[in-house]
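What follows is one structure encoded as structure tokens, with my remarks underneath.
Chain identifiers are assigned alphabetically (A, B, ...) following the order of the sequence lines, protein sequences preceding nucleic acid strands; residue numbering begins at 1 within each chain.
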There are 2 protein chains.
Amino acid sequence: MEKTDVYIDFERSLGPWIGRTSKMVDYYIQEALEKHGLDLTKEQMVVLKKVNDQNGLNQNELAFLTYRDKSSLARLLAKMEKKGYLYRQQNADDKRINEVFLTPMGQDIFQECKVVINKIIQTIEKNIDESEIQQMIRILKKVQQNFSGGLPD
Amino acid sequence: MEKTDVYIDFERSLGPWIGRTSKMVDYYIQEALEKHGLDLTKEQMVVLKKVNDQNGLNQNELAFLTYRDKSSLARLLAKMEKKGYLYRQQNADDKRINEVFLTPMGQDIFQECKVVINKIIQTIEKNIDESEIQQMIRILKKVQQNFSGGLPD
DNA sequence: CCCATATAGTTGCACGTGCAACTATAGTTA
DNA sequence: TAACTATAGTTGCACGTGCAACTATATGGG
């Protein structure tokens, strides 16, 4: 390679490491959910947890809080509603709004889910001490801030 | 919340931070590619780079090296072949094998791509010094190792 | 030589994604 | 009240994903 060539060392940079680790975390979560016999995807789990924590949120709020497009959220809700985990209730004052609630069945599923979530957290953070976790989160925040300014020209 | 309740603080744990940052990185890359007028997705870029670095890999190797299922890879290749970025050549000795090569057009696209990749690396790592990057990669490796043992019971 | 097994690649399926266009309702202003 | 605008949610589209079943070619043993 010539000196003037732009050297690409993407592998040694943060991006691919974050991406690959994220992918592994996702696989692990999916596997853990299946192993516990839960009929849930990782994405559905995130929505289930959010609805459990804050009952009655509308779809736009839920989409924002779970970092997805409102159309993606609508489709997740449709599937979870079909499985009987939650229901959408039209707001009487503003008929455009659907408020989302867990069914008793959804609440039960979430109780099971909590066990899995805790197991996941323990596995991810095994052999990593609290100071390292804080350090890591601090740097990840920096990375996120680096994108807030938009694209450089 | 009762003391006996399993407290879930997923938000303060590493998992969601890694996932969200990864998502932001992906959006950023996609945006950067579009802004440079490159008709490429982030995933196609990864494949393009790998084929550029190692010409003549077969599909299985390429799938392994880019961390995807061989079927996902096959579909990426089909799209990139259709756009004229690469071609697949059946191995004469073992007709099951396709070896993958960049076309001249694919090589040109990759040259453009390099500029974008370097811009991405710079943006991600802005205000983060080398020791922090090394620290981060060290912890991410630990997280990945935590999954290698399979699921705990 | 033939059959069983292994391997490379493809295809069908169900999942999730964002964007853009669309419907319906709400609110505001002439 | 009618018209314009904003907002919540849905739908079509193209993208990418893994798994399982499938085809075709290779290989090794009886």
Without decimals, in angstroms, what is the distance between [X] [atom1] and [N] [atom2]?
X	N	atom1	atom2	value
B:L65	C:dA8	CG	P	13 Å
A:E31	D:dC19	CD	P	10 Å
A:K23	D:dG16	NZ	P	12 Å
A:I29	C:dC15	CD1	C1'	16 Å
A:F64	C:dG18	CZ	P	14 Å
B:E61	C:dT7	CD	C1'	13 Å
B:D69	C:dC15	CG	C1'	14 Å
A:M24	D:dG18	CE	P	13 Å

Students often get this wrong, so: under 4.0 angstrom with heavy atoms, is [X] touching a base, only sugar-phosphate, or nothing?
X	value
B:D94	sugar-phosphate
B:D93	sugar-phosphate
A:K70	base
B:Q44	sugar-phosphate
B:N98	sugar-phosphate

Problem set entry | Closest-nucleotide 5' rank along DNA chain C - winner of A:E43 and A:R96 | A:E43
Exercise. Considering only heavy atoms, which members of residues 73-84 of chain A lie under 4.0 Å from some atom of DNA chain C?
Worked result: A:R75, A:L76, A:K79
Exercise. Which of these, A:L102, A:L77, A:T103, sits in a side chain to side chain contact (heavy atoms under 4.5 Å, CB included) with A:Y87?
Worked result: A:T103
[X] side chain, from C-beta outward: closest of [options]:
X	options	value
B:R68	D:dT17, D:dG12, C:dT10	D:dT17
A:Y27	C:dC15, D:dT17, C:dT17	D:dT17
A:R88	D:dT10, D:dA26, D:dG18	D:dT10
A:Q59	D:dA20, D:dA8, D:dT10	D:dT10

What are the two closest non-hydrogen atoms of [X] and [Y], and how far apart are they?
X	Y	result
A:K95	A:Q90	O-NE2, 2.8 Å
A:T66	B:K23	O-NZ, 4.2 Å
A:V143	A:L14	CG2-CD2, 4.2 Å

At less than 4.0 Å, is any side-chain N or O atom of [X] found next to OP1 or OP2 of [N]? Yes or no.
X	N	answer
A:S72	C:dG16	no
B:N58	C:dA8	no
B:S71	D:dA20	no

Exercise. Does B:Q54 reach the side chain of B:E61, with side-chain heavy atoms less than 4.5 Å apart?
Worked result: no
For this session: For A:N60 and for B:N91, locate the closest nucleotide of DNA chain D by heavy-atom distance; then report the residue assigned to the nucleotide nearer the 5' terminus.
Result: A:N60
Exercise. Applying the 4.5 Å side-chain criterion to the ILVMFWY set and letting contacts propagate, would B:L40 and B:I121 be lumped into a single cluster?
Worked result: yes
Exercise. Can you find a side-chain donor-acceptor pair between B:Q134 and B:E130 that sits under 3.5 Å?
Worked result: yes
Exercise. Under 3.5 Å, is there a donor-acceptor pair between the side chain of A:E132 and the main chain of A:D129?
Worked result: yes
